[in-house]
Amino acid sequence: MDKTYDPHAIEQRWYQTWEERGYFTPKTAGDESYCIMIPPPNVTGSLHMGHGFNNTIMDTLIRYHRMKGDKTLWQPGTDHAGIATQMVVERQLEAEDKKRHDLGRDAFIERIWEWKAESGGNITRQLRRLGSSLDWEHERFTMDDGLSDAVKEVFIRLYEEGLIYRGKRLVNWDPKLHTAVSDLEVLSEEEYGHMWHMRYPLTNGQGHLIVATTRPETMLGDCAVAVNPNDERYKHMIGELLELPLTGRRIPIIADEEHVDPEFGTGCVKITPAHDFNDYAVWQRHRDEINISEQIHGGLINIFTVDAAIRDNDENEDELIPTKYIGMDRYDARKQIVTDLEAAGLLEKIEDHKLMVPRGDRSGAVIEPFLTDQWYVKIAPLAKPAIEAVESGKIRFVPDNWKNTYYEWMRNIQDWCISRQIWWGHRIPAWYDDEGNVYVGRSETEVRQRHNLDDSYPLRQDEDVLDTWFSSALWPFSTLGWPENTERLKDFYPTSVLVTAFDIIFFWVARMIMMGIKFMGEVPFHEVYIHGLIRDGHGDKMSKSKGNVLDPIDLIDGITLEDLLEKRTSGMMQPQLAKKIEKQTRKEFPDGIPSFGTDALRFTFAALAATGRDIKFDLGRIEGYRNFCNKLWNATRYVMMNVEGEDCGVGTPKTGYSQPTAELERSLADRWILSRLQKTKKAFTEAIEGYRFDHAAQAIYEFTWNEYCDWYLELSKPVLNSEQASEAAKRGTRRTLVRVLESLLRLTHPIMPFITEEIWQRVAPIAGVTGETIMHQPFPTARQSLIDEDAETEMAWVMQFILGIRQIKGGMNIAPGKPVPVLLANTSETDKELAQKHRHFLDFLARTESIEVLAPDDHGPESATALVGEMKVLIPLAGLIDKDAEIKRLEKEIARLQGEVDRIEKKLSNPNFVDKAPEAVVQKERDKLADSKKALESLQAQLDKIRQL
RNA sequence: AGGCGCGUAGCUCAGUUGGUUAGAGCGCUACCUUGACAUGGUAGAGGUCGUUGGUUCGACUCCAAUCGCGCCUACCA
């Protein structure tokens, strides 16, 4: 074995072997099944840190359950990501100076499929690099045939039940992408703008009203001005007419208590029902009033094109829209209208004003409320059982508080606009005839058959596609074969847990719950584990524009500074930021990023996965865990060096491996490490079952480093290298050495699959374990019979003895390796026995030259002192010890003990404490006081003695 | 405006139903190239747990208020 662990030499080789041998395929036998659905990444996307984290957690759970013997499936697949993917390809076309309409629908879609073929393997390749044990044989894609059938099936069933309908309403319109988007795809951010105060003259010549607006250009579509009916200033004017400036139209003053807040602005609100959600609601309440209903289009006046420019007038509209503004972009129109109002003396004032601006999450364009025909899912009937599923505990959120977020949204949920005016996605299975009738069906043929329409009858399919999340919502059952009633569906639905970050609770989790209950009659998963977001070292969100993105693959493989710079500054939306990013990157990674390997990355994710907390990704941590890999690697080297070709007391397949072949002797160290191992197994299992990956990682780290390596390996040396030690003792030590390591590897495998497999292959045969792969070995379970409290107590004595001597040496500047003579005073029978029995451990680890027990009344010569319980461990000062240093050391320790004694005495002298605290707690304090006092007296006497010298 | 979360060592974070001297890693100091490992070993320094009150025999932990930070949801034209 190499001296240093090199992940590259092994990771990809092992992954390939696992995949080729079908180790990821769920086994067919077994009762318990365990299943996780991967949140399907964008098919043409690439892996980011969030994926890395998310998939590490899932793979850890999956590998754990697979080893536990469950019938385990991790379902892989990718998402077609409608708008996102279409935009990528449109950008490619742009580079060729083309638009999608130049190609036409079919050619454009063909082009996207080509792009998918080209880049679609990227993300699944990257998932493999992470070690994800996904069942690739059954990989699915949201637009493959099976899933498309599921989508149609769901659409048709919902339509036939009246839960999908088509309607003309205001939607969130993205004027850049020319599509409707759902409420969730609109992100509002505070921006600085203005509030324009405009005068609308009364037609009776009695003055004017002042309306305040942030969007003056929409005045062209006004149908009224609303005031609060209780507002004394305007009460008497309700019903009067105003002249809408620049248009010559007349609009009424109406009363609307619900919408108009007299305290805000001027208390007069212009009502533009086709371009504002609130105004639309006002219009719905007032549309029957004659002053509105008699207006053109009943007052519902759209003034925009799909680009959010001022539209032209239709026939019969006369000059509804003043010709002057036609064709102007909304912001140009705003400028012009403000100018014209000012010229007409109708502009009262302009104020600075902060407002929330809605933008499309993909395009960044300012979203326009726009009147269009769209398809909707009637959501309330679906939401109700989905809420109940969480209330009743059928679905549990971890951490629990996310259920509040879920309820909050589900209880206020609006109908879901599912149609998108793009080309890439599931085409809506609806056909229209020339009369405007709608036929919904699986195909045109089916529709014709069902409605007795012969082939000459003209039908055209709806141009729109479905929201990407419509197909994602079906993912937990569509991937398993639904609507067919497959074995996989029976085996794995409902799934066990969904693992995701909170940002898609609404987009995805809630919708899967609704659709799962609706179509499977059962929740899609029983638990939802919500993890935090990965941020950069400063706590900032990672983003291309900030230039602080880390690529998990770069952490695995390493990257040079030059390549990192290139990556961070190329293809930027805002190239002017490149300089700053370069500077910042050079500062943070002057030598690029070293290669840490997948296991170290995974261990880092696990170790940082405290519940419900975002992660500031700290390079120091991953470096530490790379070192941990190296530690494990080198521990193995040591073990191999000592067990290979030696008798480890392990049987053969014939004799049975676990049975010792010959007489064995287990040392204290053997019993101790076995006991500690059982407790570590317990701790790990509890942690994983409770989604505390940080605790699980910590348990392994501490056991491996602080117990197995720091103590046990060291303790094995005096046994294995001693000529006095019996063969039985050596055999016992070798057996323990190798078998503890073998267990530890299985325990660690779910988090660090590669290094554990590599090492296990070498260690397992020697440990007497057979199997092709660690992946399919049983997960270690704690054996109660090996928990040995006596050994732990005895070992604590040994450790304290050794630490005491090391502390003296450290404090006195004595080289750790220098052998020192040791005297023991105030010894009990047990002390004497232990000192005798474990002499070889003490000599080796504390480098003691001699150990002599003093007679009961002999206090020995002037010495440096350490306490082991009541026993004094003495190192004579003669020739070795710096008197002043020892005085200082003792004084410090005495001060600490004195503080402790004072504190406890005070506590115990408080009658309230003694009366009211539980007896056990009081007794504990009393014991502690007694111990501290004894130690204090002992050290004090020692100090006095040394001072007298 | 409402909701959620966070504030513990220089940094990144643990701290289970209130009860040992509040822990770990990184960083720092000193010593050590000892036959697994310098991606290492040994010893050590470093915290009045954001602040203020309260409950309690006892508070990092529970309650209230307050300051600071972050996020989510809904928004007044």
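Order of the sequence lines sets the chain letters (A, B, ...), proteins ahead of strands, with each chain counted from 1.
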* Asked: In this structure, which one of Glu348(A), Glu351(A), Lys349(A) forms a side-chain hydrogen bond (donor to acceptor under 3.5 Å, both in side chains) with His197(A)?
  -> Glu351(A)
* Asked: Asp710(A) side chain: which of U42(B), C4(B), A36(B) is closest?
  -> U42(B)
* For atom C1', what is the distance between U51(B) and A59(B), given to the nearest Å? -> 16 Å
* Is Lys809(A) near enough to A30(B) that one of its side-chain N or O atoms lies under 4.0 angstrom from OP1 or OP2? -> no
* To do: Look at Arg613(A) and A14(B) and indicate whether a side-chain polar atom (N or O) is within less than 4.0 Å of OP1 or OP2.
  => yes
* Asked: Within the structure shown, what part of the strands sits under 4.0 Å from Tyr701(A) by heavy-atom distance: base, sugar-phosphate, or nothing?
  -> sugar-phosphate
* Would you indicate, yes or no, if G15(B) has its OP1 or OP2 atom less than 4.0 angstrom from a side-chain nitrogen or oxygen of Arg692(A)? => yes
* **Aromatic ring proximity Phe506(A)/Tyr406(A), centre distance under 6.0 Å** => no
* Can you find a donor-acceptor pair, distance only, under 3.5 Å between Lys717(A) side chain and A36(B) base? -> yes
* **Shortest side-chain distance from Leu713(A), nucleotide among U12(B), U73(B), A36(B)** => A36(B)
* Let me know the distance between CG of Leu619(A) and P of C11(B), rounded to the nearest Å. => 18 Å
* Asked: Do Glu408(A) and Thr405(A) have a side chain donor and acceptor closer than 3.5 Å?
  -> no
* To do: Go through the N and O atoms of the side chain of Glu408(A) and the base of A74(B), and report whether any donor-acceptor pair is under 3.5 Å.
  => no
* Is the NZ or CZ atom of Arg602(A) positioned over Phe605(A)'s six-membered ring, under 6.0 angstrom from the centre and within 45° of the axis? -> no
* Please report, rounded to the nearest Å, how far the P atom of A38(B) is from the CG atom of Asp2(A). => 13 Å
* OP1, OP2 of G35(B) versus side-chain N and O of Lys3(A): anything below 4.0 Å? -> no
* Asked: Side-chain N or O of His353(A) less than 4.0 angstrom from OP1 or OP2 on A77(B)?
  -> yes
